[in-house]
Amino acid sequence: MSRAAFCVNVVTTDGPAGRAGVTVSAMSSVSADGSTPTVLVCIHHQSKTAAAIVDNGVFCINILRDDQADIADHFGGRSKFGGDDKFAPVSWLPTETGAPRLAESVVAFDCRVISSQRVGTHHIFVGAVGAVTVGSGQALIYADRVYGRAHPIATSRAQ
């Protein structure tokens with residue numbers, strides 16, 4: 001799997017089970033058609049965030065910008081920031097569901113859980129997207145165990 005390239009995301013939640021967040025690469029659109037788009041995210045079953053999402057019933061997927069690798073490391077447990085509050089080093093905004101939204105992400109999807117299932121070592125959460133907030137910049141990519149950014153591929157056209 002390390003050879004596959006993925007967007008880097010911080011998934012957050014808040015509610016009765018408390019506020020939590022974790023860095024993930026396993027996120028995908030399920031359906032963009034219809035009145036309610038859906039997305040899925042996979043989170044390790046031992047993660048405090050997975051347990052909180054199960055209890056809170058909401059999550060926000062924050063797709064990180066290519067200059068936010070430090071945030072990915074922080075929520076992935078490789079912090080340079082220190083301190084007890086994971087959320088303190090960066091700016092967060094409230095969402096309709098209550099899940100924290102990163103103030104400066106490429107895009108954020110505020111979701112309500114419509115399906116949750118544990119498969120192997122991970123919970124698979126499918127969420128109904130209630131709101132989308134579009135930011136700016138390019139997405140942070142993770143592949144071959146390093147961060148990167150997308151670059152256009154030059155194509156030649158036959159004339």
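We use all heavy atoms of the structure for the numbers below, so side chains are in, but hydrogens, waters and symmetry mates are not.
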* **Stepwise side-chain contact (heavy atoms from CB on, under 4.5 Å) test for Leu64 and Val10** => CA-CA 7 Å; Leu64 299 182; Val10 170; 3.9 Å; yes
* Structure fact -> Only residue of Thr36, Thr38, Val30 satisfying side chain to side chain contact (heavy atoms under 4.5 Å, CB included) with Ile114 is Thr38
* Checking Gln138 side chain against Asp67 main chain: does a donor-acceptor pair fall under 3.5 Å? -> no
* To do: Taking all heavy atoms of Ser35 and all of Pro37, pick out the closest pair and write down the distance.
  => O-CD, 3.8 Å
* Asked: Do any N or O atoms from the side chain of Trp92 and from the backbone of Phe87 form a donor-acceptor pair under 3.5 angstrom?
  -> yes
Enumerate, atom names and distances included, each donor-acceptor pair closer than 3.5 Å involving a side-chain atom of residues 120-134, sequence neighbours excluded.
none

* To do: Locate the shortest heavy-atom distance separating Glu96 from Arg112; write the atom from each residue and the value.
  => O-NH2, 4.2 Å
* **Results of ring pair (Phe, Tyr, Trp, His ring centres under 6.0 Å) for Tyr142 - residues two or more places apart only** => Tyr147
* Who are the salt bridge (charged side-chain N to carboxylate O under 4.0 Å, His left out) partners of Asp66, not counting sequence neighbours? -> Arg149
* **Test item: Phe75 and Val8 side chains (from C-beta on) under 4.5 Å apart, heavy atoms** => no
* **Cluster overlap Ile71 with Ile63, hydrophobic side-chain contacts below 4.5 Å** => no
* Structure fact -> Applying ring pair (Phe, Tyr, Trp, His ring centres under 6.0 Å) to Phe6 and not counting sequence neighbours gives none
List, one per line, each side-chain donor-acceptor pair under 3.5 Å for residues 13-27, sequence neighbours excluded.
{"from": "Thr13", "atom 1": "OG1", "to": "Asn56", "atom 2": "ND2", "distance (Å)": "3.2"}
{"from": "Thr13", "atom 1": "OG1", "to": "Val58", "atom 2": "O", "distance (Å)": "2.6"}
{"from": "Asp14", "atom 1": "OD1", "to": "Arg19", "atom 2": "N", "distance (Å)": "3.4"}
{"from": "Arg19", "atom 1": "NH2", "to": "Asp85", "atom 2": "OD1", "distance (Å)": "3.4"}
{"from": "Arg19", "atom 1": "NH2", "to": "Asp85", "atom 2": "OD2", "distance (Å)": "3.4"}
{"from": "Thr23", "atom 1": "OG1", "to": "Ala72", "atom 2": "O", "distance (Å)": "2.7"}
{"from": "Thr23", "atom 1": "OG1", "to": "Gly76", "atom 2": "N", "distance (Å)": "3.2"}

* Under a single-linkage definition using a 4.5 Å side-chain heavy-atom cutoff for Ile, Leu, Val, Met, Phe, Trp and Tyr, are Val90 and Val106 assigned to the same hydrophobic cluster? -> no
* Asked: Measuring from Arg101:CZ to Thr95:OG1, what's the distance to the nearest 0.5 Å?
  -> 8.0 Å
* What are the two closest heavy atoms between Ser116 and Val54, and how far apart are they? -> OG-CG2, 4.2 Å
* Main-chain N/O of Lys86 paired with His74 side-chain donor or acceptor, under 3.5 Å -> yes
* To do: Can you sort out the partners of Asp144 under salt bridge (charged side-chain N to carboxylate O under 4.0 Å, His left out), two or more places apart, ordered by chain and number?
  => Arg3
* Asked: To the nearest 0.5 Å, what is the distance between SG (Cys42) and CD (Gln117)?
  -> 10.5 Å
* Asked: Cluster question for you: counting only ILVMFWY and a side-chain heavy-atom cut-off of under 4.5 Å, with indirect links fine, are Leu40 and Ile53 together?
  -> no
* Asked: Can you check whether Thr97's main-chain N or O pairs, donor with acceptor, with Asp110's side chain at less than 3.5 Å?
  -> yes
* **Student check: side-chain heavy atoms of Phe59 and Thr12 closer than 4.5 Å** => no
* Side chains of Val39 and Ile61 in contact at under 4.5 Å (non-hydrogen atoms) -> yes
* **Closest non-hydrogen atom pair, Asn62 against Pro100** => ND2-O, 3.7 Å
